[in-house]
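Just so it is clear, the structure is predicted and the values come from calculations on it, not from any experiment. Residue numbers start at 1 and run along the sequence shown.
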Amino acid sequence: MAPLKIKENVKDQRGAHFHNERARPIGLTSPSNDRSSQQTVDSDHYKYQTFPFRHSHNQTKHHWIYPLNMRNILLTIALVGFLAGALSSRAAAQNCGCASDQCCSQWGYCGTGNDYCGTGCKSGPCYAAPATNTVSVPDIVTDEFFNGIIAQAADSCVGKSFYSRQAFLDALESYPQFGRTGSVDDSKREIAAFFGQVTHETGHFCYIEEIDGPSKDYCDENNTQYPCNPSKGYYGRGPIQLSWNFNYGPAGESIGFDGLNAPEKVADDPVISFRTALWYWMEHVHSVLGRGFGATIRAINGALECDGKNPETVQRRVGYYTQYCQQLGVDPGDNLTC
């Protein structure tokens, strides 16, 4: 029996599942530059102080300004040029106009290190994906395993004639890293985690679209990179219940459909539907698997459920995950909740 579907007027990181709305992910912000206008200058012949554009009562009304030597002038020009270059680099970051030695992160900022060059890196010297193991995901996600999940959905569920193991396997071909990183047990845990999450999101593959989704506003008008089509709705669809224009846009670019102008494709084509789930998983969840199943909950619906906000829902997710781990013969590991 599908869990009770209660709508909440709140938002979270990833998209919408049938219980509630989602909020936009917290993006990265560049640090501000705070500079002082007060400076003491020493030269070979003069020592004086400039003040930050004001005079105090005990200062004389006029100040003698002596010429700087050429060395100080050149240093000043160099400093201004350096700061201007740094600011220009940060400004270009949001457009992925990074320097050749910097990566453009999944959020559109330039930098180095795992946050920029790791998962979701768009351009630049991105880190190579880890080597895959020899695990065969189809051998783990058997007919018995998949059908054991969907069989628990009511016969009246629209998803029962939409989702299939074959659609999942067809979509899987585009994501060779899924379920094939680390040890064999790591692979089994990732597969159990993915199906545990989508079981909860779709009610055992009962739902294709978010209940009352068309009545919800999932347009982030501040996101100019992926502008909304006012005649389209970006509510939850598919196994992971993808939502928001800033998810539909890049998912469509990656998968090969017009996510902004044809978001309904996720509910019309089962292979594309599974691809959006795997796209989101590999972009936002795969990299946190080493922290335990609780980290995957946080990556999917943390703002609504983690840190004591909805412990019952967290436990339902954990229950599905541990059930599938048991079926696959693997220990679920630590840090199951968030």
Side-chain angles (χ1 to χ4, degrees), residues 1-26 114-115 118-120 140-141 145 148-149 152-153 177-179 181-207 210 236 238-244 247 277-338:
M1 181 176 178
L4 180 64
K5 296 164 285 301
I6 302 174
K7 306 303 291 181
E8 299 173 1
N9 189 21
V10 251
K11 300 176 180 177
D12 183 39
Q13 309 71 316
R14 165 208 93 259
H17 79 34
F18 61 85
H19 282 303
N20 38 48
E21 297 184 49
R22 309 294 189 189
R24 61 190 310 274
I26 300 173
N114 191 63
D115 288 341
T119 301
I140 297 175
V141 184
F145 178 82
I149 299 173
Q152 297 183 57
Q177 296 287 326
F178 175 82
T181 302
S183 67
V184 173
D185 282 354
D186 290 332
S187 292
K188 289 181 177 180
R189 275 188 284 267
E190 178 168 16
I191 292 168
F194 175 81
F195 280 97
Q197 296 289 11
V198 301
T199 294
H200 176 77
E201 295 295 331
T202 63
H204 294 90
F205 292 119
C206 178
Y207 302 98
E210 177 187 6
I240 208 73
Q241 292 288 279
L242 189 77
S243 62
W244 291 99
N247 281 326
L278 289 168
W279 171 84
Y280 187 88
W281 188 270
M282 299 307 294
E283 288 286 322
H284 304 290
V285 185
H286 179 79
S287 62
V288 305
L289 287 167
R291 304 176 199 170
F293 182 72
T296 71
I297 301 175
R298 190 175 294 278
I300 290 173
N301 204 21
L304 281 176
E305 298 176 18
C306 293
D307 305 313
K309 294 182 179 70
N310 196 335
E312 293 81 9
T313 301
V314 168
Q315 287 303 322
R316 281 198 294 271
R317 293 180 187 269
V318 172
Y320 294 133
Y321 168 65
T322 55
Q323 175 188 343
Y324 298 152
C325 282
Q326 184 178 10
Q327 290 181 24
L328 299 179
V330 64
D331 186 277
D334 301 321
N335 303 319
L336 299 183
T337 64
C338 59

Give the ring-plane orientation class for Tyr280 versus His284, where under 30° counts as parallel, over 60° as perpendicular and anything between as tilted. tilted
Are Lys188 and Ile140 side-chain neighbours, meaning at least one heavy-atom pair lies under 4.5 Å? yes
Flag side-chain contact, heavy atom, 4.5 Å: Leu304 against Asn310: no
Taking all heavy atoms of Thr202 and all of Gly238, pick out the closest pair and write down the distance. CG2-O, 3.8 Å
Please tell me whether His286 and Glu190 have a donor and an acceptor in their side chains that are separated by less than 3.5 angstrom. yes
Quick one: which of Tyr321, Phe145, Trp281 gives a ring pair (Phe, Tyr, Trp, His ring centres under 6.0 Å) with Phe195? Phe145
Give, for atom CZ of Phe205 and atom CD1 of Ile149, the distance between the pair rounded to the nearest 0.5 Å. 5.5 Å
Hey, are Glu305 and Arg298 close enough for a salt bridge, meaning a charged N less than 4.0 Å from a carboxylate O? no
Can you check whether Gly179's main-chain N or O pairs, donor with acceptor, with Ser187's side chain at less than 3.5 Å? yes
Could you measure the distance from the CZ atom of Arg189 to the OG1 atom of Thr296? Nearest 0.5 Å is fine. 13.0 Å
Between CD of Gln152 and SG of Cys206, what distance do you get to the nearest 0.5 Å? 12.0 Å
Nearest heavy-atom contact between Val285 and Ala299 is CG2-CB, 4.1 Å
Heavy-atom distance under 4.5 Å between the side chains of Ile297 and Thr337, does that happen here? no
Would you say the side chain of Cys338 lies within less than 4.5 Å of the side chain of Val314, judging by non-hydrogen atoms? yes
is_close_aromatic(Phe194, Phe178), centroid dist under 6.0 Å: yes
Are Asp186 and Thr181 close enough that some pair of their side-chain heavy atoms sits under 4.5 Å apart? no
With rounding to the nearest 0.5 Å, note down the distance linking CZ in Arg317 to NE2 in His200. 4.0 Å
What's the shortest heavy-atom distance between Ala153 and Gly203, and which atoms? CB-O, 4.2 Å
Check step by step if side-chain contact (heavy atoms from CB on, under 4.5 Å) holds for Ile240 and Trp279. CA-CA 10 Å; Ile240 208 73; Trp279 171 84; over 6 Å; no
Side chain proximity check, Asp185 to Asp331, heavy atoms < 4.5 angstrom: no
Closest contact, heavy atoms only, Gly308 versus Pro311: O-CD, 3.6 Å
Please report the interatomic distance OH(Tyr320) to OG1(Thr199), rounded to the nearest 0.5 Å. 7.0 Å
Side chains of Phe293 and Asn335: does their closest heavy-atom pair fall under 4.5 Å? no
Can you tell me how far the CD atom of Gln315 sits from the OG1 atom of Thr322, to the nearest 0.5 Å? 9.0 Å
